[in-house]
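FYI, side chains are in, hydrogens and waters are out, and symmetry mates aren't considered; it's all heavy atoms of this structure. Note that the structure is predicted; figures quoted are calculated from it, not measured. Letters A, B, ... mirror the listed sequences (proteins, then strands); counts begin at 1.
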Number of protein chains: 2
Amino acid sequence: MRTEGRAKRLPRAVRERQIMDAAIDVFSRLGFHSASMDEISEVAGISKPMLYAYLGSKEELFATCIRREATRMMEAIATGVEPDQEPDVQLWSGLRAFFGFVGENRASWMVLHRQASTQGGPFAIELTDMRGRAVSLVAALLTQSTKAPATKLEAESLAAALVGAGESLADWWLDHPEEPAGVVAARLMNLVWMGFGDLVDGNVWHPPSRR
Amino acid sequence: MRTEGRAKRLPRAVRERQIMDAAIDVFSRLGFHSASMDEISEVAGISKPMLYAYLGSKEELFATCIRREATRMMEAIATGVEPDQEPDVQLWSGLRAFFGFVGENRASWMVLHRQASTQGGPFAIELTDMRGRAVSLVAALLTQSTKAPATKLEAESLAAALVGAGESLADWWLDHPEEPAGVVAARLMNLVWMGFGDLVDGNVWHPPSRR
DNA sequence: CAGTAGTCTTACTCGCCAGTAGGTACCAGG
DNA sequence: CCTGGTACCTACTGGCGAGTAAGACTACTG
């Protein structure tokens with residue numbers, strides 16, 4: 001009975017992946033509140049009770065999405081950075097990895113940055129956690145470069161500004177996709193390492209060895 | 001705010017102000033979707049039908065709030081900057097004015113930055129417009145300093161990064177209110193004008209004449 | 001084949017909230 | 001004292017969407 005288009009019976013793990021992918025798609029387009037579980041289940045090609053059976057409530061689903069994507073992103077960045085390099089090289093690798101990830105996972109980035117940060121509750125925790133790790137990473141980089149930032153607060157706020165600049169530039173990039181990731185990353189690198197003062201004078205940062 | 005049993009009869013203009021203030025308060029605490037017109041009317045000390053009679057629908061109310069606060073903020077910044085000064089001084093004044101505004105209007109800032117940017121529809125337009133004006137302003141500053149950023153795209157993306165750094169640092173500041181506005185502004189000024197490279201070497205930017 | 005475990009569905013309930021209907025107090029000017 | 005207008009209210013409707021009940025289909029096991 002029924003029409004031909006009946007869903008096939010698939011193992012739980014596969015369905016969970018489909019659901020998460022659909023959820024990220026819908027959340028990124030509509031935002032947490034405007035996204036409905038009906039639409040997510042429809043995009044996932046499954047009925048709503050399955051969704052609830054596998055992923056729990058709407059909030060749990062969202063939190064799970066955030067956790068998954070945040071982990072993927074931090075891993076992408078971590079594998080791109082080698083801890084023994086000079087500070088500027090480390091920063092450069094990190095920026096490239098970051099923009100690379102955003103470029104290939106725009107929906108994930110939107111959910112992480114635009115949605116998660118604005119919803120209170122348990123989401124902010126996941127998100128703040130990831131962001132905190134990123135900030136600490138940068139702050140460590142700064143402190144390790146000695147001399148400059150005296151207080152912990154100062155290093156942390158500078159790191160927050162840098163991370164924010166990256167986030168914002170990534171957003172800007174979403175509206176100007178014609179530029180390659182490397183160019184955008186290099187631009188931010190120049191801004192935060194050289195500063196406008198040097199840029200105005202024509203001084204540019206470039207990696208120690210071109211490759 | 002209801003001391004008497006019955007609300008006093010007040011002219012429309014006064015009520016509209018009260019409603020807008022209440023709306024910004026509630027929107028900043030709960031976000032657009034979670035904020036209910038019932039709560040806004042309650043905070044404003046008025047009944048819901050009045051709210052609808054004066055400010056229209058929920059979306060109209062929100063858009064009106066954004067427009068008002070965006071205008072206030074851009075004016076605050078514009079009056080703080082003198083167009084004939086050196087680029088770095090202009091930037092410095094702008095940053096001070098910006099952080100000054102945020103410090104004294106935290107709720108407004110939250111609505112502008114965290115809420116408006118995540119809701120699609122007509123809000124994004126208002127917001128993108130203001131943000132665009134800010135970015136153009138900075139971009140002009142950069143281009144005017146000649147030599148450095150060749151393409152329009154480059155100047156614009158750098159400006160976007162700077163504006164984003166400011167926004168992000170303002171957010172960070174909300175969680176660390178113990179620092180005065182001037183200190184935070186100075187820190188960002190150093191980051192974007194000197195760059196980490198100089199900061200690591202202990203070179204710091206400071207305004208030409210203290211006052 | 002019967003039993004059981006896991007997949008999957010239709011068709012509801014139920015609360016919340018944007019928006020409204022319909023009326024009441026108060027104040028002009030005639 | 002009426003007449004109109006503006007400020008203001010209580011009490012509703014109507015829809016949307018989170019979450020569920022109750023069962024149906026499939027497949028594997030003995």
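Rounded to 10°, the helix from C:dC1-D:dG30 to C:dG30-D:dC1 has 10° between the axis fitted to its first five pairs and the one fitted to its last five.
Rounded to whole Å, atom P of D:dC9 lies 11 Å from atom CG of B:L51. Rounded to whole Å, atom P of D:dG19 lies 17 Å from atom CE of A:M50. In this structure, the CG atom of A:L55 is 13 Å from the P atom of C:dT7, given to the nearest Å. At whole-Å resolution of the value, CD1 in B:I46 and P in D:dT10 are 12 Å apart. Between A:L10 atom CG and D:dC25 atom C1' the separation is 15 Å, expressed in whole Å. We find that CG of A:L30 is positioned 14 Å from C1' of D:dC16, with the value rounded to whole Å. Atoms CD (A:E16) and C1' (C:dT7) sit 13 Å apart, rounded to a whole Å.
For B:F62, the ring-ring contact (aromatic ring centres under 6.0 Å, His included) test picks out B:F27, B:F32, B:F123, with sequence neighbours left out. Take B:R106 and apply the salt bridge (charged side-chain N to carboxylate O under 4.0 Å, His left out) test, not counting sequence neighbours, and it matches no residue. Residues meeting the side-chain hydrogen bond (donor to acceptor under 3.5 Å, both in side chains) test with B:W173, sequence neighbours left out: none. With sequence neighbours excluded, the residues satisfying salt bridge (charged side-chain N to carboxylate O under 4.0 Å, His left out) with B:K48 are B:D38. Residues passing the side-chain hydrogen bond (donor to acceptor under 3.5 Å, both in side chains) test with A:E104, sequence neighbours excluded: none. Residues passing the side-chain hydrogen bond (donor to acceptor under 3.5 Å, both in side chains) test with A:E42: none are found, sequence neighbours excluded. Applying the side-chain hydrogen bond (donor to acceptor under 3.5 Å, both in side chains) test to B:R72 and every residue at least two apart in sequence or in another chain returns B:E69, B:N105.
By the 4.5 Å heavy-atom criterion applied to side chains, A:Q90 and A:E82 are not counted as neighbours.
In this model, the phosphate group of D:dT6 is not approached by any side-chain N or O of B:R15 to a distance below 4.0 Å at OP1 or OP2. The side chain of A:Y54 places no N or O atom within less than 4.0 Å of a non-bridging phosphate oxygen (OP1 or OP2) of C:dG6.
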Nucleotide N/O of nucleotides 18-22 of chain C paired with protein N/O under 3.5 Å:
{"unit_1": "C:dA18", "atom_1": "OP1", "unit_2": "B:A35", "atom_2": "O", "d": "3.2"}
{"unit_1": "C:dA18", "atom_1": "OP1", "unit_2": "B:K58", "atom_2": "NZ", "d": "3.0"}
{"unit_1": "C:dA18", "atom_1": "OP2", "unit_2": "B:M37", "atom_2": "N", "d": "2.8"}
{"unit_1": "C:dA18", "atom_1": "N7", "unit_2": "B:K48", "atom_2": "NZ", "d": "3.4"}
{"unit_1": "C:dG19", "atom_1": "OP2", "unit_2": "B:Y52", "atom_2": "OH", "d": "3.3"}
{"unit_1": "C:dG19", "atom_1": "OP2", "unit_2": "B:K58", "atom_2": "N", "d": "3.0"}
{"unit_1": "C:dG19", "atom_1": "N7", "unit_2": "B:K48", "atom_2": "NZ", "d": "2.9"}
{"unit_1": "C:dG19", "atom_1": "O6", "unit_2": "B:K48", "atom_2": "NZ", "d": "2.8"}

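We find the CE-CZ distance between A:M20 and A:R15 to be 15.5 Å, quoted to the nearest 0.5 Å.
A donor-acceptor contact under 3.5 Å is not formed by the side chain of A:R12 with the base of C:dT7. Looking at B:R9, its side chain has no donor and acceptor atom pair within 3.5 Å of the base of C:dC27.
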